[in-house]
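Being a predicted model, the structure only gives us computed values, none of them experimental.
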Amino acid sequence: LVVSDGPVFTTTSLPNGESGQSYSQNIDVTADSATTIALNTGSSLPSGITLGSTSNVSGTTYRAVLSGTLPTTTSETTYNFTLKATDAQSQVTTQALSITAEVGINNAGGFC
């Protein structure tokens with residue numbers, strides 16, 4: 001008898017993105033059975049970013065994609081949230097993640 005330890009997040013950190021720009025990153029989980037990835041209760045994603053439905057990309061790897069446009073900010077802003085993965089045996093694992101929206105160089109001042 002093999003006892004599953006439940007789903008395991010293989011995505012444990014996310015790269016920074018640029019304020020007001022498109023952002024897309026895979027969230028991967030390995031699990032012995034069908035798994036769904038969702039936003040944990042009480043957690044929220046940055047405005048403009050959504051979490052797509054979970055798909056089985058290969059073997060024991062399940063993936064959801066975070067995508068959208070990061071909020072436009074005037075200073076570097078970090079958004080913290082927690083995702084949860086639930087497998088077919090109702091085993092749950094959570095993963096705290098963050099996205100930092102960086103502010104690009106603004107050339108509107110006319111400097112060349």
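Leu83 is not connected to Val8 by any chain of hydrophobic side-chain contacts under 4.5 Å among Ile, Leu, Val, Met, Phe, Trp and Tyr, and they are in different clusters. When hydrophobic clusters are built by joining Ile, Leu, Val, Met, Phe, Trp and Tyr residues whose side-chain heavy atoms come closer than 4.5 Å, directly or via intermediates, Ile49 is grouped together with Ile27.
A pairwise comparison of heavy atoms in Pro7 and Gln91 identifies CD-O, 3.6 Å as the closest pair. A pairwise comparison of heavy atoms in Leu97 and Ser13 identifies CD2-N, 3.8 Å as the closest pair. Of all the heavy atoms in Ala64 and Gly52, the pair that sits closest is CB-O, 3.5 Å.
Between the Asp87 side chain and the Gln89 main chain, a donor and an acceptor come within less than 3.5 Å of each other. Remark: side-chain polar atoms of Thr61 are not paired, donor with acceptor, to backbone N or O of Thr30 under 3.5 angstrom.
Using a 4.5 Å heavy-atom cutoff, the side chains of Tyr23 and Ile99 are in contact. Proximity of Thr94 to Phe9: side-chain heavy atoms (C-beta onward) are nowhere separated by under 4.5 Å. A 4.5 Å side-chain heavy-atom check between Thr11 and Gln95 finds every atom pair outside the cut-off.
Distance check, rounded to the nearest 0.5 Å: CD of Glu102 to CD of Gln21 gives 12.0 Å. Rounding to the nearest 0.5 angstrom, the gap separating the CG atom in Asn16 from the OG atom in Ser98 is 8.0 Å.
In this structure, Tyr79 shares a hydrophobic cluster with no other residue, the cluster being traced through Ile, Leu, Val, Met, Phe, Trp and Tyr side chains under 4.5 angstrom apart.
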Result block: side-chain N/O donor-acceptor pairs under 3.5 angstrom for residues 34-48, not counting sequence neighbours:
residue : atom : partner : partner atom : Å
Thr35   : OG1  : Ser33   : O            : 2.8
Ser43   : OG   : Thr82   : N            : 2.7

Residues 65-74, side-chain donor-acceptor partners within the protein, below 3.5 Å, at least two apart:
residue : atom : partner : partner atom : Å
Thr73   : OG1  : Ser19   : OG           : 3.3
Thr73   : OG1  : Ser75   : O            : 3.1

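A side-chain donor from one of Thr78 and Thr100 sits under 3.5 Å from a side-chain acceptor of the other.
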